[in-house]
Amino acid sequence: MTTIATSSSSAGSEHAGLFGVLAEFDGPQSLVDAAANIRTAGYRRWDCYTPFPIHGLDKVMAIPRSILPMVVAGAAASGAIGALALAWFCNAYDYPMIFSGKPYWGLPAHTAVAFPALVLSGVVTSFMCVFVFCALPRFHHPLFEMPQFRRVTDDGFFLAIEATDPCFSPVNTAELLRSLGAVSVELVKD
Amino acid sequence: MNDASQQIIKLGSRDELYLQNAGTRWMGIFAGIGIVALAAAFGVGASLHDHLRQFYFSYLTAWIFCFAIAASALFFVIGHHLFKSSWSSVVRRLAEGLAGNFVPLLVLFLPIIPGMRQLYPWMSRMYMNSSPDLHNKIGFLNPQFFALRMALYAAALIGISLYMRSASLRQDQDGKVKRLLNLQWHSAWCYLTIFWVINLVGADLVMTLQPTWISYIEPAFFFAATGMMVYAVLPLLAMALQAGGRLKDIITAEHYEDMGRWLYAWAMFWTYLGFAQYMLIWYANKPDETMNYLIRDMGPWVIITIVLFLGHFIIPLFGMLPRQCKRVKPLLAFWCIWLLFFGYLDFFERIQPQVWSATAAGRKAMAGVHKFNPYALPHSLAGLAWMPLHPAALLTSLLCLVGLVSLLLAHTFYLLQKGALLPIRDPKLPESIAFENF
């Protein structure tokens, strides 16, 4: 794909064959500064890649709070209610049995079952949601094609803007990143 | 030493790092309030004409509450060293101040001694001989061994808290990293020791109010109630100091959030152990164990039991859950005060339902309860169960609480004004100040 830079067809296939643009920065601070500018420039589909968590980066990228807690809370509640309902159905409704002189529907005894059910469904949901929300498992990513990106787990600080972003333009976006102090800016094939 | 002095400059001016005159002022104010409130509590208690029975129970409840604050602070400081944590370095000195209160607590325990015969039925050898089960406990429940145990607890608490605080203050002076490493090295056995001491204080001072009752979870349950206190007091103390211009940019929303999380976790841990104990006793249904709950089911106490369950568990469970409740100072302050209140109510419910057992009728019924029908107990003693909830009795409890907490705070400010409000030469301090939650 050599003609992408000049192509100007319809929005969907505008940058066909292009993943986006990858910029490398020389340190955490210049990456944070660049991220703040990218956000104010109106970009939506972009991300920063760093070897370690950087204080303040989440804030300047304006990453919203994850909905994971809500999902886990819902799953945990349904786990507990499900366990209680099962205990009620078995012990108190369908086949009432007396255990050591306790009432059919004795909440203290059934809480002991409801609590692990709550924990189990919450934990399993949390574990599964990490895969779902992170779109895993995934065996390949276009950024892995870039040789310099290997340093992201060592000493490389990267910012990638994806071609699907409405503001994306191979020329202007690359120019913007260069003006923000990127050490190198390269287009990434999909 | 150059690095260390530069660090001090970075931390802010002397006015922000030391209490200076404000410490002495607050010490005077709290000491005044404390002495007046305790004198008033004694007056109100004496006016009840019950041989100071209610006063002793109120005083013991308040003393246990203060003990819980100091003991949990000590546990927090040791835990900080043991886990080599860095976020809590900024509040370490404040916790050391709260943990340094065991000498005054020992002095304030002295007024309980003349009331021991009223508080603890096992002080009477005649009572202990009234049933075979009680007779078998004489080896543990006797005044001499009790005094020995108390002396050991006091030695452990005072010795360890003095060491933790003085080594930290000495590091402020000479900046030797070795002192911090020593603290970390010793923290392991200190942690275990203090864990057991808190458990045993719960068993000795609270559980033995009912000598017929034994629950192996009760000391751990007491430990859970105790451990929470420091996380409710520390944020309030930090907020008060910040309102007075101290530590302004040092303790941030990140530190408050962590303290709030711990507060939340301990409140839930309290529920976990409380429920574990209740469920097992409910299931086994043995008369000498269910007695504890039957008493707390009598008359007004059942309302307090339910209110405690709601206020200490259900309401914070959902109310404290949003992140902002731990990050925004007024919201966190609200939950700290809320849980301090319910923490006190918890100790109140552990101790004061036993007031009836200190009466002549109660003693008789307690001896009988062991041999005969425990289910006869609640109805025959329902009138006595009300005693700690009469207005004058409640006033005694309130005045004792205000008095002892004020004296505790007075001594805390006395300790805090002696040094910097931060471990200024702690090598982990910069990391702690820059700490951020993800």
Side-chain angles (χ1 to χ4, degrees), chain A residues 28-29 32 35 47-48 50-77 79-81 83-84 87 91 97-119 122-123 126 130 133-134, chain B residues 86-87 215 217 221 249 252-255 257-258 261 264-265 268-287 289-290 292-294 296-297 305-306 309-310 313-314 317-328 375 430-438:
Chain A
Q29 194 49 51
V32 171
D47 209 348
C48 295
T50 61
F52 50 81
I54 294 175
H55 286 179
L57 189 58
D58 301 40
K59 214 173 278 171
V60 299
M61 288 177 72
I63 294 175
R65 298 276 300 163
S66 168
I67 60 159
L68 186 64
M70 296 295 154
V71 178
V72 173
I81 293 166
L84 283 178
N91 277 5
M97 271 177 87
I98 295 174
F99 288 103
S100 58
K102 296 293 176 289
Y104 296 134
W105 179 234
L107 208 50
H110 296 137
T111 307
V113 177
F115 179 67
L118 174 145
V119 173
V123 166
S126 167
V130 168
F133 292 174
C134 298
Chain B
S86 52
W87 72 269
S215 160
I217 310 183
F221 186 26
D249 301 319
T252 65
E254 308 293 339
H255 304 107
E257 183 178 358
D258 266 17
R261 284 171 176 168
Y264 187 79
M268 298 304 121
F269 182 52
W270 174 90
T271 316
Y272 186 87
L273 286 172
F275 175 76
Q277 173 172 272
Y278 175 76
M279 192 265 287
L280 290 174
I281 289 178
W282 175 85
Y283 223 112
N285 203 15
K286 289 162 70 187
E289 290 177 352
T290 49
N292 179 56
Y293 289 103
L294 286 173
R296 282 151 187 83
D297 205 22
T305 308
I306 293 168
F309 177 71
L310 295 175
F313 172 50
I314 300 287
L317 173 68
F318 296 105
M320 259 190 98
L321 199 53
R323 197 170 184 229
Q324 296 306 321
C325 287
K326 297 151 215 156
R327 292 180 72 90
V328 179
Y375 297 97
E431 189 186 345
S432 183
I433 293 170
F435 166 72
E436 223 173 279
N437 281 301
F438 278 100

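Throughout, protein chains are lettered first and strands after them, A, B, ... in sequence-line order, and every chain is numbered starting at 1.
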Answer yes or no: are there more than 12 heavy-atom neighbours, outside A:F133 itself, under 6.0 Å from its atom CZ?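 Atom CZ in A:F133 is packed in, count exceeds 12.
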
Does CZ in A:F52 sit with more than 12 non-hydrogen atoms of other residues, nucleotides or ligands closer than 6.0 Å?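 For A:F52, atom CZ is crowded (more than 12 foreign heavy atoms under 6.0 Å).
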
What closest approach, in Å, do A:A109 and B:M279 show between heavy atoms, and which atom pair accounts for it?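 Answer, listing the atom of A:A109 first, then B:M279: N-CG, 4.4 Å.
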
Minimum-distance pair of heavy atoms, taken over all atoms of A:P108 and B:F275: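 Residues A:P108 and B:F275, closest heavy atoms: O-CZ, 3.3 Å.
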
At what distance, to the nearest 0.5 angstrom, does NZ of A:K59 lie from CD of B:E436?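 Reported value, rounded in 0.5 Å steps: 5.5 Å.
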
